2 protein chains.
Amino acid sequence: MTNETLTISQMCDAFGVTARTLRFYEAKELLSPIRIGSRRLFTRRDRARLKIILRGKRFGFSLEDIRQVLDLYERDSTNEVQVRHTYDLAKARLAQMEAQRAELDEAIKELKAELAEGEKTIASLRQAAE
Amino acid sequence: MTNETLTISQMCDAFGVTARTLRFYEAKELLSPIRIGSRRLFTRRDRARLKIILRGKRFGFSLEDIRQVLDLYERDSTNEVQVRHTYDLAKARLAQMEAQRAELDEAIKELKAELAEGEKTIASLRQAAE
DNA sequence: CGTTACATTTACGTCAACGTCAACTCTGCT
DNA sequence: AGCAGAGTTGACGTTGACGTAAATGTAACG
């Protein structure tokens, strides 16, 4: 099963982060490992959240941004107003990500065009070299 | 034409950044506005570069990363070794961006699934409310 | 000529996101 | 009992990317 809990160093190995980082995320309430005495044990839930955190970072989101995203996955589904609000936030976030994807596509296209130019340059240099 | 040069405050308005930011980017050699006396005038080239800078930031690249990307668009095309190196860098950068795109797609899919869940929750709450 | 608006340099301040000690505390082994 | 190794809590340090304040410059307008 994936129900096992991990110690802090096992988490570090699994995700390629330092212990300092995990403690920092806990202090920011992004993670909430259970405690055995003073030691932390990271659950499946913590691992799922950490995945989201790390991915968010790769897209340039701040930890504060990411905290809001995490809340989306944690809705309590009893209070309609609350659920609605969360839902709206998620829709906004989705729109933002789709815009980002469009921009990314644009940037990729441009870079590809530059690459084609580069190839031409290299070819002509090779021509001139003989 | 788009050949006009802009003052620093015009640039700020046009791009939604502060003057401090533009001076900072110049100090980091990301921009190189021409000088009339001590004053800066930003050219079409600066504007093109700033666009790339701001977009890079939105994707979580550091200014140093971005400086390398900018160099790609500035190749001098005389030295084959230099051109080759730049070309390789660009290819690596492209691969990175395409990976990022794949991840972004994944994240969007997940978020959409969450949204669908949210809709079901809202529907059932509405049912229960009558 | 004075003032207003915009710009400049220099320099210190700030905030996020950790890194890096130091000084313990547990736990398990031998 | 003693020791190693993993983990803990402070607390201060660092780096990147600017913010902010102070002192000064300059162009143009009434």
Side-chain angles (χ1 to χ4, degrees), chain A residues 4-43 45-47 49-71 93 96 100 103 107, chain B residues 4-43 46-47 49-71 93 96 100 103:
Chain A
E4 15 159 345
T5 70
L6 300 186
T7 69
I8 198 164
S9 50
Q10 288 171 328
M11 280 291 277
C12 293
D13 291 355
F15 289 91
V17 299
T18 70
R20 179 69 181 89
T21 298
L22 295 176
R23 296 193 193 105
F24 182 75
Y25 289 168
E26 185 189 7
K28 291 261 161 175
E29 302 191 309
L30 298 175
L31 300 178
S32 45
I34 56 181
R35 295 299 191 112
I36 301 300
S38 70
R39 311 212 157 170
R40 297 165 175 83
L41 284 180
F42 295 84
T43 66
R45 175 169 173 276
D46 290 312
R47 298 196 291 278
R49 292 173 69 92
L50 184 53
K51 266 190 194 172
I52 296 175
I53 294 170
L54 296 178
R55 185 167 61 197
K57 292 211 64 187
R58 263 171 264 138
F59 294 125
F61 292 132
S62 73
L63 291 185
E64 190 46 41
D65 286 344
I66 294 171
R67 220 180 45 71
Q68 293 195 14
V69 173
L70 285 173
D71 290 347
R93 179 69 60 178
Q96 187 181 347
Q100 195 164 8
E103 252 197 307
Chain B
E4 14 158 345
T5 71
L6 301 186
T7 69
I8 197 164
S9 50
Q10 288 172 329
M11 282 291 276
C12 293
D13 290 355
F15 288 92
V17 298
T18 69
R20 178 69 180 89
T21 300
L22 296 176
R23 296 195 192 103
F24 183 75
Y25 289 168
E26 185 187 8
K28 292 259 161 175
E29 301 189 312
L30 298 175
L31 300 178
S32 45
I34 56 181
R35 294 300 192 112
I36 302 301
S38 70
R39 310 208 159 172
R40 295 164 176 85
L41 284 181
F42 295 84
T43 66
D46 291 311
R47 298 196 291 277
R49 292 172 70 93
L50 184 52
K51 265 190 195 173
I52 295 175
I53 295 170
L54 295 179
R55 185 166 61 197
K57 292 212 64 188
R58 261 170 264 140
F59 294 125
F61 292 133
S62 73
L63 291 185
E64 190 45 41
D65 286 343
I66 294 170
R67 220 180 47 69
Q68 293 196 13
V69 173
L70 284 174
D71 290 347
R93 178 70 59 181
Q96 189 180 347
Q100 197 164 7
E103 257 199 310

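A, B, ... follow the sequence lines: proteins, then strands. Residue 1 opens every chain. Because the structure is predicted, anything quoted here is derived from the model rather than measured.
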Original post:
Should B:Thr7 and B:Leu41 count as side-chain neighbours, where that means a heavy-atom distance under 4.5 Å?
Top reply: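 Contact flag for B:Thr7/B:Leu41 side chains = yes.
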Original post:
Under 4.5 Å between any side-chain heavy atoms of A:Leu31 and A:Arg40, yes or no?
Top reply: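 Counting from C-beta outward, A:Leu31 and A:Arg40 never come under 4.5 Å.
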Original post:
Which stems, defined as runs of 3 or more consecutive Watson-Crick or G-U wobble pairs with both pairing distances under 3.5 Å, involve DNA chain D?
Top reply: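 The stems that DNA chain D takes part in, listed by first number, are C:1-30 with D:1-30.
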Original post:
Can a salt bridge be assigned to the pair B:Glu64 and B:Arg67 using a cut-off of 4.0 Å between side-chain N and carboxylate O?
Top reply: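 Looking at B:Glu64 and B:Arg67, the cut-off is met.
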Original post:
Listed by chain and number, what are the side chain to side chain contact (heavy atoms under 4.5 Å, CB included) partners of A:Ser32, not counting sequence neighbours?
Top reply: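 A:Arg45, A:Asp46.
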Original post:
Partners of B:Thr18 by side chain to side chain contact (heavy atoms under 4.5 Å, CB included), sequence neighbours excluded?
Top reply: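 Scan of B:Thr18 (side chain to side chain contact (heavy atoms under 4.5 Å, CB included), adjacent residues dropped) gives B:Arg20, B:Thr21.
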Original post:
Taking for each residue the nucleotide of DNA chain D with the nearest heavy atom, is it B:Glu64 or A:Leu41 whose nucleotide lies nearer the 5' end?
Top reply: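 Of the two residues, A:Leu41 wins.
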Grab the N/O contacts between the protein and nucleotides 24-26 of chain C below 3.5 Å, and write none if there aren't any.
| residue | atom | partner | partner atom | Å |
| --- | --- | --- | --- | --- |
| C:dC26 | O2 | A:Arg39 | NH2 | 3.3 |

**OP:** Flag this pair as yes if the NZ/CZ of B:Arg93 is under 6.0 angstrom from the six-membered ring centre of B:Phe61 and inside a 45 degree cone about the axis; otherwise no.
**Re:**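 Flagged: B:Arg93 positioned over aromatic ring of B:Phe61.
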Original post:
So what does A:Arg23 touch, heavy atoms closer than 4.0 Å: a base, only the sugar-phosphate, or nothing?
Top reply: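 Answer is base: heavy atoms of A:Arg23 come under 4.0 Å of a base.
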**OP:** Provide the start and end nucleotides, 5' to 3', of the part of DNA chain D that has atoms under 4.0 Å from heavy atoms of chain B.
**Re:**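 Range of nucleotides touched by chain B: D:dA17 to D:dT26.
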Below 3.5 Å between N/O atoms, which protein atoms pair up with nucleotides 18-21 of chain C? Just atom names and distances, please.
| residue | atom | partner | partner atom | Å |
| --- | --- | --- | --- | --- |
| C:dC18 | OP1 | A:Lys57 | NZ | 3.4 |
| C:dC18 | OP2 | A:Tyr25 | OH | 2.7 |
| C:dC18 | OP2 | A:Lys57 | NZ | 2.7 |
| C:dG19 | OP2 | A:Thr18 | OG1 | 2.7 |
| C:dG19 | OP2 | A:Thr21 | OG1 | 3.4 |
| C:dG19 | N7 | A:Arg20 | NE | 3.2 |
| C:dG19 | O6 | A:Arg20 | NH2 | 3.2 |
| C:dT20 | O4 | A:Arg20 | NE | 3.1 |

**OP:** Test B:Leu30 against every option in B:Leu22, B:Ile53, B:Ile52 by the side chain to side chain contact (heavy atoms under 4.5 Å, CB included) rule and name the one that passes.
**Re:**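 Only one of B:Leu22, B:Ile53, B:Ile52 forms a side chain to side chain contact (heavy atoms under 4.5 Å, CB included) with B:Leu30, namely B:Ile53.
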